[in-house]
Each structure stands twice: as structure tokens, then as C-alpha cells.
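Comments concern the structure below.
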Protein chains: 2
Amino acid sequence: MQRTSFKESRCPIARSLERVGEWWSILILREALLGSTRFDEFHQTLKIAPNTLTRRLNALVDAGLLERRLYQEHPPRHAYVLTQAGRDFHPVLVALMTWGNRYFAPEGASVVLADAVTGRRAQPVLVDRRSGRPITARTFALAPGPAADRRLRARLGGRRRPRPASRDSHD
Amino acid sequence: MQRTSFKESRCPIARSLERVGEWWSILILREALLGSTRFDEFHQTLKIAPNTLTRRLNALVDAGLLERRLYQEHPPRHAYVLTQAGRDFHPVLVALMTWGNRYFAPEGASVVLADAVTGRRAQPVLVDRRSGRPITARTFALAPGPAADRRLRARLGGRRRPRPASRDSHD
DNA sequence: CAGTATCCTGTCCGATACTG
DNA sequence: CAGTATCGGACAGGATACTG
């Protein structure tokens, strides 16, 4: 996208994409969540070109997902540590991973999520915190929020329902 | 990315990105989940250039997320309907939306998720289906799966732990 | 209405070389 | 080790015009 028509979009999904819409951004976030903080760690594990890494790192800092922290003065050197917003990107990554494992890993999963204590493999599912009910396209629908404008309200209000799925999505 | 170095990546996240790594792909999927099936519906609601729409639609069909269904013979016209894989992209979209609403919507959320029956606003959280415990970067760690190769196994096995977060991510 | 055909621009990214 | 500088290629996406 020419990154103009979508800037300042009101859609929260588009807004997220404004920050992490590039491949490297997401992969860098993945590494950061795995514990990487140094330029060189990202460079090595991702095999990313250094100039590209600089650019993506700067973008992530600007977007407020990474924080540059000086750990040495001469010459100035920084570590890149996740902010709260960056850490909270975790569920998105897990959802993406789960989906990828399910549909695009014919030989089986190469990375999974395991209980840090028991080591048992997790099965991530999205549920409503309050009711505990699984969130599917059928049981929970998109609706206008407090900040929705008239146009959006109209679209989401009088909209066609998602066609009945034979079986709906979960986890 | 030049879309070459990542092709055939073994990382499930990278693999997902190979299919939906472009903005429009994700936004089209969002529309499809909202019920759109026709070229013109996507065209209008997304305000996307027609040639671009064609390209993205084809890519999504090739990736197995959308299915072209002929609904008229002369001239040939198709509807684009979600496959199971496409429908299962829903949790990713919800995670992305939740994250965007939380951090990038200063004026409040414009789109939220609501219980289809009661209309009550949902709070999506990722939990382990079996134990019901919330999935955070601390409680559940990435681990090598059955199809992991030696390199990956080494990385995930003897890896540094995520630095202790003051408060961890959830929902 | 549902696209296809052309042309063009922006920019993401890679390769490589260089520096304190 | 942690970057910066420069150059070039690929392609996503925009604008617009055209067709059955």
C-alpha cells in the first residue's frame, strides 16, 4: 500500500497494520519476545540485511513497540527492549503461529507452544474473558464501538450476516 | 521482503505471512468474514483499486483462503467465499483488532466484538483449551514441535528466557 | 456489474562496502 | 560489535481507461 490512504484509518486492524504491516517487523517482534535485545542477535538469527534491520528497528521504536536503551556510552550502543505494547503483541503472534501450523505445515508443526512448567503442549483458543465462551465468527460479531462514526455504525448495524459456516473456527 | 528468502520458511509465523503478508490480503479477509463475497463489495467498502483487488483476490485463492465460485455463466462471474482455512483466520483478526484498540485508539474503540445474542462487549483472551489458563509469554513458551530440525531445536532448547516482564501480556 | 490492461510511483528489501 | 551509506531490483499499490 502506498501507506497514504490508510494512514489515520479508524479501523483497529488497519491501525495495527500501520505499525507491524511489514514482514520484518513481525519477525523482529517474534525474536524480541524470544529474548533478543541486541542488533547483532536480530541480525544473526533473522539473517536480515543490516540496513533493513536499522530501518525496521527505528520504525518499531517510533511506533512505540520497542524502546532503545543505552547500555554503553562510548561509542553509544543500545539494546532494544519491548514496551508493554510490544509485549502485548504476543497473542497476535500465537494466533498467527497456530493458524500457520494448522494449515501450512504438512510435515507437522516445527514450533509449538508449551506450558513453561509442565512442558505440555498448549492449545490456544480465544475466549471471552467474562463468559469463558469461545470466540467464533458466529457467536461474537463485530460491532460499532464508542468511537465509531455514522458511516461505520451504518455498515456494522445493518449488515449481512456471515454466511453460516458448516463448522466454525475455533482455537 | 523480496519474497524469496522467506519462501519455504519453516517458521509457522513466516509461513502465515507468506499468505497474508500484505495489507490488502488481511483487510479483504476481514471483509469476507463480515460477509462480503462479490468483487464489487470489496471494491466499494475497501476503496481498493480494481487491478489490485484482482491481484489480491487471486493470491488469496491460490493460497487456499478463498474459493472462487461461479454464480453466473454468461459472462462468467464468481463469488469469493472463504474456505475453512480462511474462516479460521478469524482469531488472528480478533487478536489484531484487540491489540489495535488497546494501544492505537486514543479516542476509544471504533469496532469491538459483541456477543451475537446478548450484544454485550466481549473481552478476547487467549487461553489453553485444556487447562483454561491464560497464555502469556511467561506461562507458555515456544518450543520445538515434532517437525523441528536440529538447528531450531538447539535454538529453542538452550535459549535465553524472555526477560522478566513487569506485567505480562494477556488478552 | 465484474473485471482486464497500461503505466507509473513508492518503498521494502537485499548486497556490499565502510566505520568507531 | 553495532551500526551507516549507497545502489539496485522487485513488486505492491494507485490512477485511469476500457470491455462483455
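Fair warning: this is a prediction, and the values are worked out from it, not measured in the lab. Here is how names work: the chains are called A, B, and so on, in the same order as the sequence lines, proteins then strands, and each is numbered from 1.
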Could you state the [atom1]-[atom2] distance from [X] to [N], rounded to the nearest angstrom?
X: B:Leu53; N: C:dA2; atom1: CG; atom2: P; answer: 11 Å
X: B:Asn58; N: D:dG13; atom1: CG; atom2: P; answer: 14 Å
X: B:Leu46; N: D:dG14; atom1: CG; atom2: P; answer: 10 Å
X: A:Leu57; N: D:dG3; atom1: CG; atom2: C1'; answer: 10 Å
X: B:His43; N: C:dT4; atom1: NE2; atom2: P; answer: 13 Å
X: B:Arg56; N: C:dG3; atom1: CZ; atom2: C1'; answer: 17 Å
X: A:Ile48; N: C:dA15; atom1: CD1; atom2: C1'; answer: 13 Å
X: B:Ile26; N: D:dA12; atom1: CD1; atom2: P; answer: 14 Å

Expected rows: protein N/O vs nucleotides 5-7 of chain C N/O, under 3.5 Å:
| residue | atom | partner | partner atom | Å |
| --- | --- | --- | --- | --- |
| C:dT6 | O4 | B:Asn51 | ND2 | 2.9 |

Think [X] has a side-chain N or O under 4.0 angstrom from the OP1 or OP2 of [N]?
X: A:Thr52; N: C:dC12; result: no
X: A:Trp24; N: C:dT11; result: no
X: B:Thr54; N: C:dT4; result: yes

As an exercise, state the distance from CZ of B:Phe42 to CD1 of B:Ile48, rounded to the nearest 0.5 Å. 9.5 Å
Holding to salt bridge (charged side-chain N to carboxylate O under 4.0 Å, His left out), I want the full list of residues that pass it with A:Arg121, two or more places apart in sequence or in another chain. none
With A:Arg38 via salt bridge (charged side-chain N to carboxylate O under 4.0 Å, His left out) - residues at least two apart: none
Salt-bridge present (A:Arg155, B:Glu31; N to O < 4.0 Å): yes
Is any side-chain N of the basic residue among A:Glu107 and B:Arg15 closer than 4.0 Å to the acidic one's carboxylate O? yes
May I ask you to say what A:His78 touches in the nucleic acid, namely base, sugar-phosphate or nothing, with a heavy-atom cut-off under 4.0 Å? sugar-phosphate
Would you mind classifying the nucleic acid contact of B:Tyr80 as base, sugar-phosphate or nothing, using non-hydrogen atoms under 4.0 angstrom? sugar-phosphate
Which dot-bracket string describes DNA chain C (Watson-Crick N1-N3 plus N6-O4 or O6-N4, or G-U N1-O2 and O6-N3, all under 3.5 Å; [ ] crossing; | other strand)? ||||||||||||||||||||
If you take any heavy atom closer than 4.0 Å to DNA chain D, which residues from residues 59-71 of chain B end up in contact? none
With no hydrogens and no angle check, just 3.5 Å: does a side-chain donor-acceptor pair link B:Asp128 and B:Ser131? yes
Report all interatomic pairs (protein N or O, nucleotide N or O of nucleotides 18-20 of chain D) with separations under 3.5 Å.
| residue | atom | partner | partner atom | Å |
| --- | --- | --- | --- | --- |
| D:dG20 | N2 | B:Arg77 | NH2 | 3.0 |

A cation-pi test, strictly: NZ or CZ of B:Arg19 under 6.0 Å from the centre of the six-membered ring of A:Phe104 and no more than 45 degrees from its axis. Yes or no? yes
